[in-house]
Amino acid sequence: MEPAPVDVVVIGAGQAGLSAAYHLQRRGFVPLPRASAADQTFLVVDANAEPGGAWQHRWASLRMATVNGIHELPGFAVPPADPAAASRDILPAYFAEYEERYALDVLRPVHVKAVRRADDDPGARLLVETDRGTWAARFVINATGTWTRPFWPRYPGQERFRGRLLHVGGYVSADEFRGKRVVIVGAGVSAVQLLDEISHVADTFWVTRREPEWVDEDFDIPARVAAIAGVEDRVRRGLAPGSVISVTGMHWTPWARAAEARGVLVRHPMFASIEEDGVRMPDGTFERADVILWATGFRPALDHLAPLRLRTPDGGFRVENGRSIDEPRLFLIGYGPSQSTVGANRAGRDAVRAIVADPVAVAA
């Protein structure tokens, strides 16, 4: 069967993908199922069975009052919500209402297997191959985020551990650790937030690779601009974007202050190896553990782009202003400097502006 033609395929219906879809529609593009032969078209595909992006998978105890980085989707504010409500209940419902409000016709669940060039012509289409068919797109806006690619470090002896190894992506609530000894690995916001939460019901032991450098100053506008500029430079050169903490530093949050006040915000150096019943520290001492919780972040979910051969030897993609430098028909949004929710919104808008201004789109 011949691939179905479409002007723009958006892969992913999280914050960045829905922002792109909104701006495509505002620019006159029509969702493929509703389009006539004369229309410029777009199609949004999403791997999840339901709306909500990564929010639907967050842990139950992540409340609206403590969730990090909510930002409304363009054109429609987040409805007022009880600060004590679970974010995974409120935000997916908001995303669902957004999709319906703007008739974005997201196709789901769709697993994208590969994106490849139709041929060697730089003006030809990109083939988006999925388990629901193949589309031939003039442009692809990739907005697949990171949630499906948790980063699991490897340490000697890991396979011998008789306790539980858990990544923060699979965390549900502190109750499952009641009365246990939990080693928490990581220096990011999630690590500190879960340290505070779990330490109420369990004995916690916090380890990081580097000594945390706490920043007392507010993460103000100049600091944010400088951090974003640093990430923009990295992705322009094809380097991996790096962790959030590497560019922002560790800022004092309410849960960090709470953990400090209770005497549980005590950092230890990273362990050297894992044994059957715990971890061996660099000085040779042993720390018992029932659970090792890896709050070690996520990596961009971009394996489906492998046929394009865009990954650099440094492990990144060369991207400028959300657009691939080496494949101009491809936009990567929610990647690098646009990984925050407000950044994802802007990246969706900017990608659409670039598409509309592109001679390929104008000539279509």
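Heads up: numbering here begins at 1 and tracks the sequence. Hydrogens, waters and symmetry mates are skipped; everything else that's a heavy atom, side chains included, is used.
No donor-acceptor pair under 3.5 Å is formed between the side chain of R138 and the backbone N or O of D7. Under a 3.5 Å cut-off, the side chain of Y102 and the backbone N or O of G75 do form a donor-acceptor pair. Using modelled atom types, one side-chain atom of D46 and one backbone atom of A13 make a donor-acceptor pair closer than 3.5 Å. No donor-acceptor distance shorter than 3.5 angstrom exists from the side chain of Y22 to the backbone of G17, with no hydrogens or angles considered. A donor-acceptor pair under 3.5 Å is absent between the side-chain atoms of R116 and the main chain of E129, judged by distance alone. When atom types are taken as modelled, the side chain of D131 and the backbone of H111 share a donor-acceptor pair closer than 3.5 angstrom.
A salt bridge between R117 and E327 is present, with a side-chain N of the basic residue lying under 4.0 Å from a carboxylate O of the acidic one. Under 4.0 Å is where a charged nitrogen must lie from a carboxylate oxygen, and between D196 and R262 at least one such pair does. Salt bridge present: R280 and E275 bring a charged side-chain N and a carboxylate O closer than 4.0 Å. Contact check on K180 versus D203 returns no salt bridge, with no Lys/Arg side-chain nitrogen under 4.0 Å from an Asp/Glu carboxylate oxygen. A salt bridge links D358 with R323; the closest basic N to acidic carboxylate O contact falls under 4.0 Å.
Heavy atoms of other residues, nucleotides or ligands lying less than 6.0 angstrom from CZ of R132 number more than 12. Other residues, nucleotides and ligands place more than 12 heavy atoms under 6.0 Å from the CZ atom of R160. Atom CD of Q158 has more than 12 neighbouring heavy atoms from other residues, nucleotides or ligands inside a 6.0 Å radius. Surrounding CZ of R26 are at most 12 heavy atoms belonging to other residues, nucleotides or ligands under 6.0 Å away.
Between F42 and F29, the ring centre distance reaches or exceeds 6.0 Å. Aromatic pair F151/H167: ring centres not closer than 6.0 Å. Residues F76 and Y94 bring their aromatic ring centres within 6.0 Å.
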Do N345 and Q15 pass the side chain to side chain contact (heavy atoms under 4.5 Å, CB included) test, and can you show the C-alpha distance, the side-chain angles, and the key distance before you say yes or no? CA-CA 7 Å; N345 274 2; Q15 187 101 18; 3.1 Å; yes
Given the rule in the side chain to side chain contact (heavy atoms under 4.5 Å, CB included) test, do Y155 and V279 qualify, once you have shown the distances and angles that lead to the verdict? CA-CA 10 Å; Y155 278 82; V279 297; over 6 Å; no
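Among R288, R181, R162, the single residue meeting the side-chain hydrogen bond (donor to acceptor under 3.5 Å, both in side chains) criterion with D277 is R162.
Defined by atom type and a distance below 3.5 Å, a donor-acceptor pair is present between the side-chain atoms of E197 and Y171. For the residue pair H23 / D350, no side-chain donor-acceptor distance below 3.5 Å is found, with atom types taken as modelled. At a cut-off of 3.5 Å, with distance as the only test, a side-chain donor of N142 or T144 sits close to an acceptor on the other residue. Residues T285 and D283 bring a donor and an acceptor atom of their side chains to less than 3.5 Å of each other.
Applying the salt bridge (charged side-chain N to carboxylate O under 4.0 Å, His left out) criterion to R149, with sequence neighbours excluded, gives no partner residue.
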